[in-house]
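A, B, ... follow the sequence lines: proteins, then strands. Residue 1 opens every chain. Because the structure is a prediction, the values reported are computed rather than measured. The analysis underlying the following values was restricted to heavy atoms, covering all of them including side chains, and did not include hydrogens, waters or symmetry mates.
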There are 2 protein chains.
Amino acid sequence: MALSDIAPDIQPARSHAAKRVSILEAATDVFCREGYAGANIDMIAAEAGVSRQTIYNHHGDKEKLFVAVVRALTERANAGIFATLATFPDHPADIEAELVAFAVRLNRNCICNSDGKYLRKLLEAEGQRYPELFAGWRQDGPGKIWAALAARFARLAHGGHLDVDDPDVAARQFMALINADLHVSMVLGEQLGEERVREAAKNAVRTFLRAYGRPSALPRQSRTVN
Amino acid sequence: MALSDIAPDIQPARSHAAKRVSILEAATDVFCREGYAGANIDMIAAEAGVSRQTIYNHHGDKEKLFVAVVRALTERANAGIFATLATFPDHPADIEAELVAFAVRLNRNCICNSDGKYLRKLLEAEGQRYPELFAGWRQDGPGKIWAALAARFARLAHGGHLDVDDPDVAARQFMALINADLHVSMVLGEQLGEERVREAAKNAVRTFLRAYGRPSALPRQSRTVN
DNA sequence: AATTTTTTAGACAGCGTTGTCTAATTCGTC
DNA sequence: GACGAATTAGACAACGCTGTCTAAAAAATT
């Protein structure tokens, strides 16, 4: 009962927070692997190295746990995307090389990493069942990302580096081209190496610049067909 | 016992085949809506207008039923894609208009229709769990489709209609561009109208031709930026 | 060292699902 | 109309999962 005066408000346990994280990680894994209905609490408990009761203590409910998982996932994923977006080449010296590097970062850090894969999978699997959960993702995720990316392209166009008439369309197409080669491989769960990602980015940017590049910015790259 | 001589080999019942189809349709629906683990036989039976026992009579097992569903789905989807692929404009008079029309057909008949959506969803949800099932789809589906589409583009290039150096890449990028605008909307289950599909196809083909079009084939379309 | 809180293992009821079985019924054929 | 095959409704056991509970163990705080 006596409240000591030094460090009075320290949380009851330290392991508490660590276990919460560990539970969330394991739950993310299992929910994504097995789907909501296929996942069971014992699996999650075993994978988290925690007793089943502890999970109920922390999250109260299978559904609440699922919601917590999706929230954490979307927040992390959005943060990662915007962090990568901040590395967009606003004043490119070599636009092709810098766009390729940017595309590689985008693929590596946002789309091919586990958060991206997990989020896509949960979205496809349970999106219909929890529309309100994923509507938030959609607004804060793709909505803002496309807008932000479109603004970057518009600025590049204004600076004379690109010839873009509809930046929104260009942004969506850029994302689509980035993923063109990788999507099917990822769905099947293949692990794709760095060079594969780089190749995909190079192809995407090359086509993107053939479509939207300024004639003056292109010509150093040979474009003859053999 | 007495085998009458006329029409001896007629199947025992006619409703048999109809019910099999109806079961498969309902099972496809339910498996895609609820996932494998979340689907239950009673749901499927109710949706098929059939008793639970009949399902077991026809397919024996929940897992066998699932396999049958995926097989039917992949076969139908592949057939549909190749049928649409046969309408590719091999000798285009107006390449942009004909590619747009082709893209619209591809989207409407193969990607946005229920088979396409269902297949993608099942693939994402259960692909890891049944790799052998979906490996077949991957080989006969995207593998052959990309090759076939690439061959078409190569022929267009050879005929002087396109400037394509790597037809495989071009084919994948064409598919990716086609889907750029629609994918997110579809995942969330929105119903997209004809004009939306048409708009997406127009944007995709325009960019594709800006990247791969022959200079001589392009210029009639004004490309000035305001 | 004592105390309080958290965690654990295990048992437990309640519920839903799968797959089987049986008896009644429907359907198409003869 | 009578026969045989398929279908149906319902009951049923076996099983797995959720969520709760209890008593023991572990961890941290005092």
Side-chain angles (χ1 to χ4, degrees), chain A residues 1-27 29-31 33-69 126 129-130, chain B residues 1-27 29-31 33-69 126 129-130:
Chain A
M1 299 271 195
L3 293 168
S4 58
D5 28 13
I6 301 176
D9 290 327
I10 285 181
Q11 279 75 352
R14 194 141 19 100
S15 166
H16 215 58
K19 286 198 192 269
R20 176 173 240 105
V21 169
S22 150
I23 290 171
L24 239 76
E25 278 174 9
D29 246 44
V30 174
F31 276 133
R33 219 175 41 230
E34 316 283 343
Y36 179 79
N40 72 41
I41 304 289
D42 291 313
M43 252 186 247
I44 298 174
E47 198 157 318
V50 151
S51 91
R52 180 169 64 250
Q53 184 63 41
T54 303
I55 294 183
Y56 284 104
N57 288 343
H58 277 261
H59 294 97
D61 202 340
K62 186 181 180 183
E63 182 152 355
K64 289 202 191 79
L65 175 59
F66 179 73
V67 170
V69 163
E126 320 285 350
R129 191 185 312 286
Y130 298 88
Chain B
M1 297 266 198
L3 295 167
S4 56
D5 26 16
I6 301 178
D9 289 328
I10 284 182
Q11 280 75 354
R14 194 138 21 99
S15 166
H16 213 59
K19 288 197 192 270
R20 176 174 240 105
V21 170
S22 150
I23 290 172
L24 239 72
E25 279 174 8
D29 245 45
V30 174
F31 276 133
R33 220 175 40 228
E34 318 282 343
Y36 179 80
N40 72 41
I41 304 289
D42 291 314
M43 251 187 248
I44 298 174
E47 197 157 318
V50 152
S51 91
R52 179 169 66 251
Q53 184 63 42
T54 303
I55 294 183
Y56 285 104
N57 287 344
H58 278 260
H59 294 97
D61 201 340
K62 186 181 180 182
E63 182 151 357
K64 290 203 192 78
L65 176 60
F66 179 73
V67 171
V69 162
E126 321 285 350
R129 190 185 313 286
Y130 298 87

Check whether any side-chain heavy atom of Glu47(B) sits under 4.5 Å from a side-chain heavy atom of Glu25(B), and report yes or no.
no
Report which part of the nucleic acid Ala39(B) touches: base, sugar-phosphate, or nothing (heavy-atom distance under 4.0 Å, all strands).
sugar-phosphate
Atom pair distance, as rounded to whole Å: CG in Asn57(B) and P in dT20(C)
10 Å
What integer distance in Å separates Met43(B):CE from dG16(C):C1'?
11 Å
Indicate yes or no for a side-chain donor-acceptor contact from Lys62(B) to the backbone of Tyr36(B) under 3.5 Å, with no hydrogens or angles considered.
yes
Under 4.0 Å: is that the gap between some side-chain N or O of Lys19(B) and OP1 or OP2 of dC27(C)?
no
Just how far, in rounded Å, is P of dT17(C) from CD1 of Ile55(B)?
14 Å
Quick one: does His59(A)'s side chain get under 4.5 Å of Leu24(A)'s, heavy atoms only?
yes
A side-chain contact here means heavy atoms from C-beta on lying under 4.5 Å apart; do Phe66(B) and Glu126(B) qualify?
yes
Closest to side chain of Gln53(A), choosing from dT20(D), dG19(C), dT8(D)
dT20(D)
Output the rounded distance in Å from CD1 (Ile23(A)) to C1' (dT6(C)).
12 Å
Are side-chain heavy atoms of Leu65(A) and Ile23(A) found at a separation under 4.5 Å?
yes
Less than 4.0 angstrom between a side-chain N/O of Thr54(B) and OP1 or OP2 of dA6(D), yes or no?
no
Rounded to whole Å, CD of Glu34(B) lies from P of dT18(C) at a distance of 12 Å
Value in whole Å for how far the C1' atom of dT7(D) lies from CZ of Arg20(B)
15 Å
Taking only the side-chain heavy atoms of Arg52(B) (C-beta and beyond), determine which of dG19(C), dC21(D), dT17(C) contains the nearest atom.
dG19(C)
Expressed in angstrom and rounded to an integer, what is the separation of Ile41(A) atom CD1 from dT8(C) atom P?
15 Å
Atom CG of Leu65(B) and atom C1' of dT17(C) are separated, to the nearest Å, by 15 Å
Of the listed nucleotides (dT8(C), dC21(C), dT18(C)), which one gets closest to any side-chain atom of Ser51(A)?
dT8(C)
Which part of the nucleic acid does His58(B) contact within heavy-atom distance under 4.0 Å: base, sugar-phosphate only, or nothing?
sugar-phosphate
Closest of dT20(C), dT8(C), dG19(D) to the Tyr56(A) side chain is dG19(D)
